[in-house]
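The structure appears right after this line, and notes come after that.
Atoms considered below: every heavy atom in the structure, side chains included; atoms not considered: hydrogens, waters and symmetry mates. The sequence lines fix the lettering, A, B, ..., with proteins before strands; numbering per chain opens at 1.
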4 protein chains.
Amino acid sequence: MSFVHRETVRFAHVDAAGIVFYPRFFEMLNAAVEDWFAVLGRDFRALHLEDRIGTPTVRLDTEFLAPAMLGDLLDIALVPLRVGRSSCNYRFTFTGGGMVRLKGQGVLVCMDLDAKAARPWPEAIAGSLRAALPSDLDDGVA
Amino acid sequence: MSFVHRETVRFAHVDAAGIVFYPRFFEMLNAAVEDWFAVLGRDFRALHLEDRIGTPTVRLDTEFLAPAMLGDLLDIALVPLRVGRSSCNYRFTFTGGGMVRLKGQGVLVCMDLDAKAARPWPEAIAGSLRAALPSDLDDGVA
Amino acid sequence: MSFVHRETVRFAHVDAAGIVFYPRFFEMLNAAVEDWFAVLGRDFRALHLEDRIGTPTVRLDTEFLAPAMLGDLLDIALVPLRVGRSSCNYRFTFTGGGMVRLKGQGVLVCMDLDAKAARPWPEAIAGSLRAALPSDLDDGVA
Amino acid sequence: MSFVHRETVRFAHVDAAGIVFYPRFFEMLNAAVEDWFAVLGRDFRALHLEDRIGTPTVRLDTEFLAPAMLGDLLDIALVPLRVGRSSCNYRFTFTGGGMVRLKGQGVLVCMDLDAKAARPWPEAIAGSLRAALPSDLDDGVA
């Protein structure tokens with residue numbers, strides 16, 4: 001089951017060619033991940049500031065299929081592919097006007113910000129992530 | 001009559017001290033101005049790409065009164081103070097949790113992107129801007 | 001005596017009109033302030049992470065006089081105008097190709113990041129700031 | 001033969017955890033690619049504004065191996081792996097303090113900005129890219 005976050009392409013996102021400058025897609029992706037975690041059970045503010053948990057990205061593979069322009073509405077769909085003890089592989093797809101603009105996979109790690117080391121996902125988040133695994137993935141292995 | 005645009009403080013906005021890095025407030029301000037123009041009668045995409053009109057900022061004075069943190073909801077209110085032939089002075093106020101975080105004034109200029117020169121506001125926009133002038137400003141002069 | 005920091009206008013800085021998107025000027029300004037503090041006696045890393053001192057901007061007034069384009073070299077000159085116990089008014093000027101592109105004044109405050117309150121400048125920084133006051137400013141009052 | 005571009009980690013690059021927010025690494029990567037093209041024979045300004053040629057990224061795979069902090073100096077090394085008629089696969093490595101912080105591969109495409117379609121590399125750039133192919137890559141195929 002995927003989570004969908006909507007972004008509008010802003011003036012701040014586009015480059016001299018009038019299309020989204022690709023690092024801005026990753027700012028949008030991060031905003032989508034933030035809202036995803038709120039739905040998974042813990043928002044980024046509580047996670048970072050109260051629980052002292054971060055979720056750094058350790059791997060990110062992206063195919064840019066079509067440009068996006070100022071004013072485009074982009075639906076960013078996120079779906080977990082594999083939920084480990086302290087990591088999560090997920091797939092992302094940016095769709096606008098019925099066309100996939102970019103897609104890829106990322107790996108997030110659950111990190112103790114004070115110890116600066118990986119730590120297990122909080123049980124509530126792990127449970128929500130596993131519940132969101134697509135049903136055609138037997139055990140969450142992509 | 002002020003226009004209000006809402007932004008969430010994102011991970012992308014905050015600095016090492018956990019508060020909004022001030023250039024990010026201006027990215028938010030620009031997003032607010034974009035949505036304001038759509039309401040005034042012409043969205044930024046049509047304005048820039050079809051009409052070849054830009055609205056550069058030529059003056060911006062800001063007081064930062066209180067920090068904003070990850071997860072804060074900010075209401076950005078915009079109100080015109082003076083509408084000239086090819087310029088507009090406006091006031092902005094960022095409020096979050098009932099507290100003003102920053103406020104200031106800016107001056108936008110209507111620019112012909114091809115001629116790279118100031119030009120009069122399109123009549124529809126000028127009319128909308130004038131209609132939004134606060135009633136206590138007799139003739140739009142702040 | 002002014003401090004000068006040089007920046008190249010990057011693809012990341014420009015907008016759909018091919019000129020610098022104004023919030024990016026403030027990212028450049030902040031980089032200039034960072035390098036200035038290193039010269040004043042304490043770099044931003046040591047200041048923030050070791051001394052737990054931040055230098056938030058509480059006021060910023062800017063006039064944008066001419067646009068800057070991809071590839072332009074900009075010299076950002078900083079000069080203190082008034083050095084208070086825990087604040088510093090300074091003037092900034094962005095010059096490129098012999099032409100002033102933007103200029104303005106800002107006010108920095110010295111903040112204790114843990115107490116989240118203003119604190120006096122460290123003596124070494126206060127001394128360097130005062131030594132950099134222009135000689136035509138009798139007592140540092142602009 | 002790799003091209004190396006140096007960046008300082010700025011306040012604008014780091015997040016609430018005090019480490020580089022990963023989209024900022026891609027802004028740095030783009031700055032490195034800009035300077036690389038200048039050395040290859042055509043700077044980004046001339047390429048985009050005079051030749052009307054863009055170099056969008058169509059694929060980007062990254063492994064984030066170690067964080068980078070405020071004040072770190074990062075050497076970004078770029079080396080072509082395969083030079084096609086209108087594309088270029090390249091490898092990037094960010095090293096700081098003797099440690100690789102991130103590495104990956106990207107694919108750039110040579111695009112006619114007006115026709116909005118792929119076009120062959122200008123011969124001078126193609127020649128420079130081929131000359132920079134590592135000698136252990138027989139024909140430029142990674």
Side-chain angles (χ1 to χ4, degrees), chain A residues 12-34 44-69 87 92 100-118, chain D residues 12-34 44-69 87 92 100-118:
Chain A
H13 297 138
V14 302
D15 66 18
I19 60 176
V20 175
F21 178 53
Y22 76 83
R24 309 291 171 228
F25 281 130
F26 298 124
E27 297 184 35
M28 296 181 201
L29 177 61
N30 208 71
V33 169
E34 282 172 60
F44 253 45
R45 179 187 190 135
L47 207 60
H48 282 78
L49 303 185
E50 293 170 29
D51 306 345
R52 300 289 299 149
I53 290 176
T55 61
T57 291
V58 295
R59 180 161 190 97
L60 192 66
D61 297 341
T62 309
E63 286 176 88
F64 301 89
L65 303 170
M69 294 180 66
S87 70
F92 60 88
V100 175
R101 309 304 175 98
L102 61 152
K103 65 177 185 178
Q105 294 192 17
V107 180
L108 300 170
V109 163
C110 185
M111 190 173 78
D112 181 316
L113 289 175
D114 296 315
K116 296 186 192 304
Chain D
H13 297 138
V14 301
D15 66 16
I19 61 176
V20 175
F21 178 54
Y22 75 84
R24 309 294 171 225
F25 281 128
F26 298 124
E27 296 183 35
M28 296 181 202
L29 178 62
N30 209 70
V33 168
E34 283 172 60
F44 252 46
R45 178 185 189 137
L47 206 61
H48 282 79
L49 304 185
E50 293 169 28
D51 307 344
R52 299 290 299 150
I53 289 176
T55 60
T57 292
V58 296
R59 179 159 190 97
L60 191 66
D61 297 340
T62 309
E63 287 176 89
F64 301 88
L65 303 170
M69 293 180 68
S87 71
F92 59 89
V100 176
R101 308 304 176 97
L102 60 153
K103 64 177 186 179
Q105 294 193 19
V107 181
L108 300 170
V109 164
C110 185
M111 190 173 79
D112 181 317
L113 288 175
D114 295 317
K116 294 185 194 305

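Between the OG1 atom in D:T57 and the CD atom in A:E63 there is a gap of 13.5 Å [rounded to 0.5 Å]. Atom CD1 of D:I19 sits about 5.0 Å away from atom CE of A:M111, to the nearest 0.5 Å.
The candidate with the highest count of non-hydrogen atom pairs below 4.5 Å against chain D, out of A:N30, A:L49, A:L113, is A:N30. Note on D:P23, D:G104, D:P56: by heavy-atom pairs under 4.5 Å with chain A, the leading option is D:P23.
Between D:L60 and A:F64, the shortest heavy-atom distance links the atoms CB-CE1, 4.0 Å. Smallest separation of non-hydrogen atoms from D:D61 and A:T62: OD1-N, 3.6 Å.
With a 4.5 Å cut-off on side-chain heavy atoms, D:L29 and A:Y22 count as touching.
The part of A:R24 that comes within reach of chain D is its side chain, from C-beta onward, which places non-hydrogen atoms under 4.5 angstrom from that chain. Using a 4.5 Å cut-off between heavy atoms, A:F25 does not touch chain D at all.
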